Amino acid sequence: MTVREIKENELNELLELYTHLHEPGMPENCERLQNAWAAICSDTNHHIIVCEIDGIIVSSCVCVIVPNLTRNIRPYAFIENVVTHAGHRGKGYATACLNYAKEIAVSANCYKMMLMTSAKTESTLNFYRQAGYNCTDKTAFIQWL
């Protein structure tokens, strides 16, 4: 198992993995996609972490470091798009990605890490609890745009 940040030439592999998250399929390779990918790759605060098994990306998460003016001017980290290929779940790959994200957050002197999930299954919620997250300290509100 290798956990690392994604390489710029691995966009298609990531998009394929995202079909195991909630995406109905891969987006069209258009200018908007390429512009978004270029922006992500050039943003030093945007980290896409992947877990690779035998040269295949099987799990990933995104860790964004958000500069902040409170908490003694310490940033915070936001975790998003935690996903593992359906055929590779339950083997610790997503946990390894989250642990790598935590290392990034600690290195950036973040005072907290946050994530939200739309999952309601107890096994998924327990996975996040076991990874060190809790759902009691804050209340999340979403406004879909």
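Worth saying up front: this structure is predicted, and the values here are computed from it rather than measured. Positions are given from 1, in the same order as the sequence printed here.
- Residues L15 and V50 fall within the same hydrophobic cluster, defined by Ile, Leu, Val, Met, Phe, Trp and Tyr side chains chained together at heavy-atom separations under 4.5 Å.
- Taking CG of N9 as the start and SG of C41 as the end, the distance is 9.5 Å to the nearest 0.5 Å.
- Proximity of Q34 to L11: side-chain heavy atoms (C-beta onward) are separated by under 4.5 Å at one or more points.
- Under a hydrophobic clustering in which Ile, Leu, Val, Met, Phe, Trp and Tyr are joined whenever their side-chain heavy atoms come within less than 4.5 Å, directly or via other members, I104 and L115 fall into different clusters.
- I56 is connected to V3 through a chain of hydrophobic side-chain contacts under 4.5 Å among Ile, Leu, Val, Met, Phe, Trp and Tyr, so both are in one cluster.
- By the side-chain contact (heavy atoms from CB on, under 4.5 Å) test, E10 is found to be paired with R4, I6, K7, E13, E52, I57, residues two or more places apart in sequence or in another chain being considered.
- Y128 and V64 are not part of a single hydrophobic cluster, where members link through side-chain heavy atoms under 4.5 Å apart.
- Between N45 and V66 the shortest side-chain heavy-atom distance does not fall below 4.5 Å.
- Atom CG of D54 has 12 or fewer neighbouring heavy atoms from other residues, nucleotides or ligands inside a 6.0 Å radius.
- A donor-acceptor pair under 3.5 Å links the side-chain atoms of N68 to the main chain of R74, judged by distance alone.
- Shortest non-hydrogen contact noted between T44 and H47 is O-NE2, 3.2 Å.
- In this structure, the separation between SG on C30 and CG on N35 is 8.5 Å, given to the nearest 0.5 Å.
- In this structure, the side chain of W37 engages the main chain of E8 through a donor-acceptor pair within 3.5 Å.
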Where do C61 and L98 land on the side-chain contact (heavy atoms from CB on, under 4.5 Å) test, with the steps shown first? CA-CA 7 Å; C61 73; L98 290 174; 4.2 Å; yes

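- C135 is linked by a side-chain contact (heavy atoms from CB on, under 4.5 Å) to R129, counting only residues two or more places apart in sequence or in another chain.
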Tabulate below the donor-acceptor pairs under 3.5 Å that side-chain atoms of residues 136-145 make, not counting sequence neighbours, or state none.
unit_1: T136; atom_1: OG1; unit_2: N134; atom_2: OD1; d: 3.2
unit_1: D137; atom_1: OD2; unit_2: N134; atom_2: ND2; d: 3.0

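- The two atoms that bring I79 and A101 nearest to each other are CD1-CB, 3.8 Å, heavy atoms only.
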Take V62 and I49 through the side-chain contact (heavy atoms from CB on, under 4.5 Å) test and state the conclusion after the steps. CA-CA 6 Å; V62 173; I49 298 147; over 6 Å; no

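- Each ring pair (Phe, Tyr, Trp, His ring centres under 6.0 Å) pair with one or both residues in residues 98-127, not counting sequence neighbours, would appear here, but there are none.
- A pairwise comparison of heavy atoms in C63 and A77 identifies SG-CB, 4.0 Å as the closest pair.
- T124 contributes no side-chain N or O that, together with a main-chain N or O of A119, makes up a donor-acceptor pair within less than 3.5 Å.
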Show the numbers, then the answer: is there a side-chain contact (heavy atoms from CB on, under 4.5 Å) between T117 and L125? CA-CA 8 Å; T117 181; L125 299 178; 4.0 Å; yes

Mind running side-chain contact (heavy atoms from CB on, under 4.5 Å) on I53 and T2 for me, showing each step along the way? CA-CA 7 Å; I53 301 296; T2 302; over 6 Å; no

Could you tabulate the donor-acceptor pairs under 3.5 Å formed by side-chain atoms of residues 82-89, not counting sequence neighbours?
unit_1: T84; atom_1: OG1; unit_2: S59; atom_2: OG; d: 2.8
unit_1: H85; atom_1: ND1; unit_2: G87; atom_2: N; d: 2.9
unit_1: H85; atom_1: NE2; unit_2: H20; atom_2: NE2; d: 3.3
unit_1: R89; atom_1: NE; unit_2: T84; atom_2: O; d: 2.8
unit_1: R89; atom_1: NH2; unit_2: H20; atom_2: O; d: 2.8
unit_1: R89; atom_1: NH2; unit_2: T84; atom_2: O; d: 2.9

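- Of all non-hydrogen atoms in I40 and H46, the two that sit nearest each other are CG2-CD2, 3.6 Å.
- For M114, the side-chain contact (heavy atoms from CB on, under 4.5 Å) test picks out Y76, F78, K112, with sequence neighbours left out.
- For E28, the CD atom sits in a loose shell: 12 or fewer heavy atoms of surrounding residues, nucleotides or ligands are nearer than 6.0 Å.
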